[in-house]
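No experiment lies behind these values; they were computed from the predicted model shown.
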Amino acid sequence: MKEIFKKQANQYYSIADWEKMNPSLTVGFTTKNGGVSEGAFSSLNTGFHVQDELQHVVENREIIADQIDFPLACWVGAEQTHKTNIRFITKQHKGLGAKDYESALKDTDGLYTNEEGLLLTLCYADCVPIYYFAPHQKYIGMVHAGWKGSVAGIAAEMVECWKQHSIEPKDILAVIGPSICEECYIVDDKVIGEVDKIVAAGKEKPYTLLSEGQYKLNLQKLNESILRTAGVQQIDVTNYCTSCHEEEFFSHRRDGGRTGRLMSFIGWKEASL
């Protein structure tokens with residue numbers, strides 16, 4: 001299967017096909033490399049909420065901003081809570097959550113916009129980043145989907161939001177980004193019970209039984225199924241696992257809970273940027 005993410009620098013991968021489609025678009029996912037953080041956060045941690053040094057996180061973000069040529073003052077970030085709250089982002093949100101956690105949008109796990117000069121950002125360390133792009137209407141967005149957000153249907157919630165802007169599911173391109181794979185993600189009956197509630201009848205189950213009460217869960221496949229049920233037809237899925245690819249990515253599960261955060265980003269550049 002073709003890999004949709006292309007490495008552009010030590011610090012990040014891009015969705016090159018989308019950027020070729022419209023050169024004003026900047027979209028990608030960071031690595032854990034090429035930053036200034038130390039210890040468990042070595043070295044390109046982008047998360048403010050993990051007890052890393054604030055100045056290190058800001059400096060890491062400045063490094064990324066320089067790499068992708070998108071000023072940090074234009075970034076928008078969120079306080080993510082594993083729910084399904086999605087925000088439409090406008091110029092009034094510019095800079096919120098860019099240089100500190102206190103100003104980040106509260107209780108938010110999805111962002112979208114059609115305005116230029118804004119870089120939408122969300123953070124991860126195994127959860128699933130899902131990117132959305134409607135090329136003709138010039139809408140872009142992302143959601144953060146851990147198991148709780150996934151079974152709550154956040155992947156489909158973005159599709160519903162876009163319907164309010166007269167964007168049909170068939171017009172949406174989606175990409176499922178680097179996240180933990182089923183070989184690395186073992187869950188219990190409680191989680192699988194919630195998964196079974198959202199997987200449509202007759203659809204292939206996105207998990208396999210490992211032993212009594214233990215299952216291997218494929219969060220990428222779960223979210224792909226949810227997107228297809230919502231009517232999205234054009235979906236690409238990465239081959240990258242945040243846990244398997246230890247040299248490239250932080251992983252909450254692999255690293256025992258104390259680790260840095262990776263970042264998904266998407267934005268329209270202004271002509272003046």
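Side-chain atoms of Glu157 and Thr84 form no donor-acceptor pair, as typed in the model, at a separation below 3.5 Å.
The aromatic rings of Tyr112 and Trp162 sit tilted relative to each other, their planes meeting at an angle between 30° and 60°. Between Tyr124 and His144, the two ring planes are tilted [angle within 30° to 60°].
The distance from the CD1 atom of Ile64 to the CE atom of Met263 is 5.5 Å, given to the nearest 0.5 Å. The CG atom of Asn60 lies 13.5 Å from the NZ atom of Lys32; values are rounded to the nearest 0.5 Å.
Between the side chain of Ser103 and the backbone N or O of Gly97, at least one donor-acceptor pair lies under 3.5 Å. In terms of modelled atom types and a separation under 3.5 Å, the side chain of Tyr207 and the main chain of Leu222 share no donor-acceptor contact.
For Lys91, the NZ atom counts as densely surrounded, since its 6.0 Å shell holds more than 12 non-hydrogen atoms of other residues, nucleotides or ligands. Other residues, nucleotides and ligands contribute more than 12 heavy atoms inside 6.0 Å of the CD atom of Glu247.
Of the candidates Lys205, Lys190, Lys203, Asp196 forms a salt bridge (Lys or Arg N to Asp or Glu O under 4.0 Å) with just one, namely Lys205. Tested against Trp18 for a ring pair (Phe, Tyr, Trp, His ring centres under 6.0 Å), the candidates Tyr132, Phe133, Phe5 yield a single pass: Phe133.
The distance between the ring centers of Phe265 and Phe70 does not fall below 6.0 angstrom.
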